[in-house]
*Asks:* 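Can you keep this structure in mind? I'll have questions shortly.
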Amino acid sequence: NPNLLFQIYIELASCEFSLEKHKEAIKYALLALTLKEEVSINIDSEEELLYTLLISANNSIGDNINENKYIKLKALYYPENNEVDYFEELKLLLIDEEYVKFENLFNDYENILIKAKDYNSLIMIYFHALTLFEQGIIFNKNEIDKQKGIIDNNIDSLSEENKTYFDFYL
């Protein structure tokens, strides 16, 4: 029974992942996805779980190439229907090295978040800017200082976690 085998692969992938046997978890997750495709099993919620597992497992073993591949596939097949996740949308552009698109979208998102006074989301996209500045790709010191100033002026609006990130990174 293909449906039963599919469920077994999912359980094995989940168990191996929880035991921190990430390569085995990846193997079973891929077997489940392959079987799902071959026999047209229609269980989308399980497939989304498998993509999440593949992202985490590949991250755990340091395989950024496959991690990014599954991030893109999950975003393609299971787009967020809720709020816009500015950080993740920008991250996908970074993965594809779409720096011009990134900069344009970053500027739009920055304006939206400042107007909404959503400084917790703003600081998260600023981390992308800092990374690109450190790599010499986009942004200059004046732009980073301006971003830091915006956060400094609104530090009380940040969550405790983001205050810690701000102190650590900026």
Side-chain angles (χ1 to χ4, degrees), residues 1-106 108-110 112-113 116 118-132 134-135 137-138 158-162 164-165 168-169:
N1 180 345
N3 286 333
L4 178 60
L5 185 57
F6 178 71
Q7 292 299 326
I8 290 170
Y9 285 151
I10 290 171
E11 288 302 315
L12 286 170
S14 296
C15 288
E16 296 293 352
F17 185 81
S18 67
L19 295 171
E20 297 187 15
K21 295 180 179 179
H22 299 111
K23 289 183 180 180
E24 291 295 308
I26 292 168
K27 177 179 88 174
Y28 288 118
L30 291 174
L31 284 170
L33 287 174
T34 301
L35 180 65
K36 182 181 184 304
E37 199 171 288
E38 287 175 355
V39 295
S40 300
I41 297 170
N42 192 17
I43 307 175
D44 287 342
S45 63
E46 300 290 354
E47 185 177 25
E48 185 174 6
L49 170 75
L50 289 169
Y51 282 122
T52 301
L53 187 143
L54 285 165
I55 291 165
S56 297
N58 279 292
N59 176 276
S60 296
I61 64 170
D63 186 345
N64 294 339
I65 292 170
N66 280 318
E67 176 191 8
N68 291 338
K69 176 175 105 178
Y70 293 114
I71 287 170
K72 286 189 219 175
L73 286 170
K74 184 178 177 190
L76 176 68
Y77 295 130
Y78 302 97
E80 296 292 324
N81 294 331
N82 304 339
E83 295 179 24
V84 174
D85 187 339
Y86 301 107
F87 183 83
E88 287 301 318
E89 285 198 15
L90 291 170
K91 181 179 178 183
L92 291 173
L93 291 173
L94 290 179
I95 290 168
D96 290 336
E97 298 180 357
E98 296 277 354
Y99 301 123
V100 172
K101 287 182 185 176
F102 174 93
E103 190 170 19
N104 292 332
L105 200 54
F106 176 90
D108 291 344
Y109 287 170
E110 182 182 38
I112 290 168
L113 294 170
D118 183 357
Y119 299 105
N120 286 300
S121 295
L122 186 63
I123 194 171
M124 299 308 293
I125 70 167
Y126 281 172
F127 291 143
H128 284 317
L130 184 60
T131 300
L132 291 169
E134 290 171 345
Q135 294 174 352
I137 298 172
I138 311 175
L158 295 179
S159 67
E160 291 303 315
E161 180 181 17
N162 281 338
T164 303
Y165 286 148
F168 184 73
Y169 288 110

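Side-chain atoms are counted along with the backbone in the values below, which use heavy atoms only and exclude waters and symmetry mates.
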*Asks:* Tell me, do L113 and Y119 make a side-chain contact under 4.5 Å, heavy atoms counted?
*Replies:*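 Not touching, per the 4.5 Å side-chain cut-off.
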*Asks:* Nearest 0.5 Å, please: how far is CG in L49 from CG in L53?
*Replies:*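 Reported to 0.5 Å precision, the distance equals 6.5 Å.
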*Asks:* I'd like to check N162 versus M124 (side-chain heavy atoms, cut-off strictly below 4.5 Å). Are they in contact?
*Replies:*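 Result yes, sub-4.5 Å side-chain heavy-atom pair found.
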*Asks:* Is a side-chain donor-acceptor pair under 3.5 Å present for Y99 with E103?
*Replies:*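 Not at all, the side chains of E103 and Y99 share no donor-acceptor pair under 3.5 Å.
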*Asks:* Quick one: closest heavy-atom pair of I10 and A32, and the distance?
*Replies:*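 The pair with the smallest heavy-atom distance is CG1-CB, 4.3 Å.
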*Asks:* What is the minimum heavy-atom distance between S18 and C15, and which atoms define it?
*Replies:*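 Answer, listing the atom of S18 first, then C15: OG-O, 2.8 Å.
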*Asks:* Mind checking the CD1-CG spacing from I71 to L76? Nearest 0.5 Å is all I need.
*Replies:*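 I71 CD1 to L76 CG: 13.5 Å, rounded to 0.5 Å.
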*Asks:* Taking side chain as C-beta onward, heavy atoms only, is Y109 less than 4.5 Å from E89?
*Replies:*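 A side-chain contact under 4.5 Å exists here.
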*Asks:* If we only count heavy atoms from C-beta on, is the I26 to D63 side-chain gap below 4.5 Å?
*Replies:*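 In short, these two side chains do not touch, never coming nearer than 4.5 Å.
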*Asks:* Checking the side chain of D96 only, and the main-chain atoms of E98 only, is there a donor and an acceptor separated by less than 3.5 Å?
*Replies:*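 Between the backbone of E98 and the side chain of D96 there is no qualifying donor-acceptor contact (under 3.5 Å).
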*Asks:* Does L19 have more than 12 heavy atoms from other residues, nucleotides or ligands lying within 6.0 Å of its CG?
*Replies:*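 It does: L19 CG has more than 12 such atoms within range.
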*Asks:* Where do L35 and P2 come nearest, in terms of heavy atoms and distance?
*Replies:*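 Closest pair (atom of L35, atom of P2, distance): CD2-O, 3.4 Å.
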*Asks:* Where do N120 and D118 land on the side chain to side chain contact (heavy atoms under 4.5 Å, CB included) test, with the steps shown first?
*Replies:* CA-CA 6 Å; N120 286 300; D118 183 357; 4.1 Å; yes
*Asks:* Report the distance from atom CZ of F17 to atom OG of S56, rounding to the nearest 0.5 Å.
*Replies:*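 So the gap between those two atoms works out to 4.5 Å.
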*Asks:* Roughly how far, to the nearest 0.5 Å, is the CZ atom of F6 from the CD atom of E47?
*Replies:*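 Here the interatomic distance stands at 7.0 Å.
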*Asks:* Can you confirm whether the side chains of E110 and Y126 place a donor and an acceptor under 3.5 Å from each other?
*Replies:*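 The answer is yes; a qualifying pair exists.
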*Asks:* Do we see a donor-acceptor contact under 3.5 Å between the side chains of Y77 and E48?
*Replies:*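 Note: Y77 and E48 side chains miss the donor-acceptor criterion.
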*Asks:* With side chain to side chain contact (heavy atoms under 4.5 Å, CB included) as the test, would you mind laying out the steps for L132 and L94 before giving the verdict?
*Replies:* CA-CA 9 Å; L132 291 169; L94 290 179; 3.6 Å; yes
*Asks:* From L54 CG over to L33 CG, what is the distance, rounded to the nearest 0.5 angstrom?
*Replies:*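 Rounded to the nearest 0.5 Å, the CG-CG separation comes to 6.0 Å.
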*Asks:* Give me the atom names and distance for the closest heavy-atom approach of A13 to A29.
*Replies:*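 The pair with the smallest heavy-atom distance is CB-N, 3.7 Å.
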*Asks:* One pair to check against side chain to side chain contact (heavy atoms under 4.5 Å, CB included): N58 and I55. What are the steps and the verdict?
*Replies:* CA-CA 5 Å; N58 279 292; I55 291 165; over 6 Å; no
*Asks:* Name the one of K72, E67, K69 that satisfies side-chain contact (heavy atoms from CB on, under 4.5 Å) with I95?
*Replies:*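 Of the listed residues K72, E67, K69, the side-chain contact (heavy atoms from CB on, under 4.5 Å) partner of I95 is K72.
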*Asks:* H128 and F106: aromatic ring centres closer than 6.0 Å?
*Replies:*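 Ring centres of F106 and H128 not closer than 6.0 Å.
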*Asks:* Under the side chain to side chain contact (heavy atoms under 4.5 Å, CB included) criterion, do Q135 and T131 qualify, and how do the steps go?
*Replies:* CA-CA 6 Å; Q135 294 174 352; T131 300; 3.7 Å; yes
*Asks:* Please round to the nearest 0.5 Å and tell me the distance separating atom OH of Y165 and atom CZ of F127.
*Replies:*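 Separation between the atoms: 7.5 Å.
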*Asks:* Looking only at heavy atoms, what is the nearest atom pair of A25 and E16, with distance?
*Replies:*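 Closest approach of A25 to E16: N-CB, 3.7 Å.
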